[in-house]
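See below for the structure under consideration.
These numbers come from the heavy atoms of this one structure, side chains and all, not from hydrogens, waters or symmetry mates. First listed ligand is number 1; within each ligand, the first listed atom is number 1.
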Amino acid sequence: MTSPAAVTRPDFDPAAARLDFPILQQQVNGQPLVYLDNAATTQKPEAVIEAISHYYRHDNANVHRGAHTLSDRATVAFENARATVARFLNSPAPSQVIWVRGATEAINLVAHSWGRSTLRAGDRILVSYLEHHSNIVPWQLIAAATGAEVVPIPITAGGDIDLAALSSLLDERVKLVAVNHVSNALGTINPVAEITRMAHAVGALVMVDGAQATAHMPVDVQAIDCDFYAFSGHKLFGPTGIGVLWGRESLLDAMPPFLGGGEMIETVSFSGSTWNSLPFKFEAGTPNIAGAIGLAAAIDYLAGLDIDAAARHELALLEQTIAMAGEVEDLRRIGNPARSVGIFSFVIDGIHPSDLGMLLDQQGIAVRTGHHCTQPLMAHYQLPGTVRASYALYNTAEDVERLFAGIHKAKRLFG
Ligand code: PMP
């Protein structure tokens with residue numbers, strides 16, 4: 001067992017879901033907490049906290065070392081967690097699921113292993129203006145080491161990837177297209193299956209950064225047909241310090257190891273070492289066992305909800321936000337993507353984003369302010385940063401009302 005059994009509900013009730021998250025039942029600065037920073041990290045349901053606690057109370061041991069009962073139990077729970085992730089992504093096999101610390105490490109793994117061994121001077125890596133720094137900087141580092149070039153894919157004024165511009169950039173020099181599934185700054189849902197078709201037509205691979213997607217929509221790596229998919233457990237109601245790199249088997253098989261150490265080897269001698277099979281070739285050292293178990297518990301928790309109904313609820317919160325924002329003088333939404341999750345980035349003329357963030361925090365409302373690790377995107381909009389409200393399934397219409405009551409109060413203070 002990786003986690004307590006999922007609780008199935010006939011439909012989605014955000015107020016009931018909220019009760020599953022103990023941290024949300026508190027007051028912050030004298031007010032009931034309104035947590036609208038879910039794109040930075042999500043809160044954890046009781047089922048996840050309990051799964052981690054259960055593991056440490058009953059099963060803790062190192063994995064894959066056999067020899068005793070606790071180690072066997074830990075290994076079974078850890079490998080069951082991998083199988084849970086494989087089903088979640090519709091992976092052809094669990095061995096294509098590599099445990100990493102998070103999306104950042106997953107992308108660095110591909111850059112350092114696949115990129116370093118494959119890229120040559122003159123090759124191109126396309127990354128969009130929507131990318132988080134973690135899907136830009138690893139490619140810059142590997143480009144500097146190999147002589148390859150990182151080329152940005154333009155976006156439209158609304159904050160969608162400009163598919164016509166992408167099409168004109170795609171030629172035989174392009175070896176990889178790296179895009180996010182969902183933008184953390186604007187909420188844009190990118191057409192990753194279509195982008196993959198376009199990239200594959202010129203022989204380029206596709207790396208999808210799914211950090212912001214997994215909490216909001218089902219993900220099917222076979223339907224997308226991408227070559228690599230990365231996500232972080234902590235943005236999916238799971239723990240920090242655990243994430244996943246999913247990869248196409250033939251590519252992972254051919255790639256050299258990223259980190260060396262225990263577990264990733266088959267044999268070691270001073271005349272040379274040989275590598276373990278997938279997925280262990282990429283899992284040097286003792287893994288985050290409790291993290292993997294906690295992440296599987298988060299996936300099981302989601303499986304007990306009507307995820308399509310939850311996504312519709314989050315979109316309704318976004319619609320409510322857009323409507324209420326229309327009544328705030330000097331408020332400007334940044335981006336207006338064709339398809340979006342519940343992320344709303346905005347600025348208010350005359351109030352610095354960090355001042356607004358602080359005033360909202362004083363009212364118990366948590367939002368993110370700043371560049372959101374997307375400096376090229378902020379430069380595109382000629383802004384130092386924005387205020388971002390990002391919704392999860394446990395947010396409610398009342399949370400949105402509290403946000404706007406807070407904004408109106410801040411405007412009175414600054415007005
Ligand atoms: N990509 C995107 C789109 C993100 O939003 C984030 C986190 N903000 C990351 C990658 C990096 O995730 P982590 O810090 O969990 O590795």
Indicate whether any N or O donor in one side chain lies under 3.5 Å from an N or O acceptor in the other, for His372 and Thr374.
no

Residue among Leu252, Ile98, Val208, Leu109 satisfying side-chain contact (heavy atoms from CB on, under 4.5 Å) with Phe228
Leu252

Checking Tyr35 against Tyr391 for the ring-ring contact (aromatic ring centres under 6.0 Å, His included) test, could you report, in this order, the C-alpha distance in whole Å, the side-chain angles of both residues, the deciding distance, and whether it holds?
CA-CA 8 Å; Tyr35 186 76; Tyr391 299 119; over 10 Å; no

Near Gln212 (heavy-atom distance under 4.0 Å), the atoms of ligand 1 are 3 (C), 4 (C), 5 (O)

Looking only at the side chains, is there a donor atom on one of Ser128 and Glu131 sitting less than 3.5 Å from an acceptor on the other?
yes

Note: His234, heavy atoms under 4.0 Å from ligand 1, region reported as side chain

Hey, does Asn180 come in under 3.5 Å of ligand 1, counting only N/O atoms on both sides?
no

Protein contact of atom 4 (C) of ligand 1 - nearest heavy atom, named by residue and atom, plus distance
His132 CD2, 3.4 Å

For atom 12 (O) of ligand 1, which candidate among Ser183, Ser232, Ser390 holds the nearest heavy atom?
Ser232

Going by distance alone, is a donor N or O of one side chain under 3.5 Å from an acceptor N or O of the other, for His133 and Gln375?
no

Which ligand 1 atoms, with their elements, are less than 4.0 angstrom from a heavy-atom of Ala211?
1 (N), 2 (C), 4 (C), 6 (C), 9 (C), 10 (C)

Could you tell me whether the side chains of Glu263 and His64 share a donor-acceptor contact shorter than 3.5 Å?
yes

Any N or O of Thr104 closer than 3.5 Å to N or O of ligand 1
yes

Logged contact type for Lys235 with ligand 1, heavy-atom cut-off 4.0 Å, is side chain

Which of the ligand 1 atoms, numbered from 1, are nearer than 4.0 Å to a heavy atom of Ser134
1 (N), 9 (C), 10 (C), 11 (C)

Minimum-distance protein heavy atom relative to atom 1 (N) of ligand 1
Asp209 OD2, 2.5 Å

Please check if any side-chain donor atom of Asn395 sits under 3.5 Å from a side-chain acceptor atom of Asn38, or the reverse.
yes

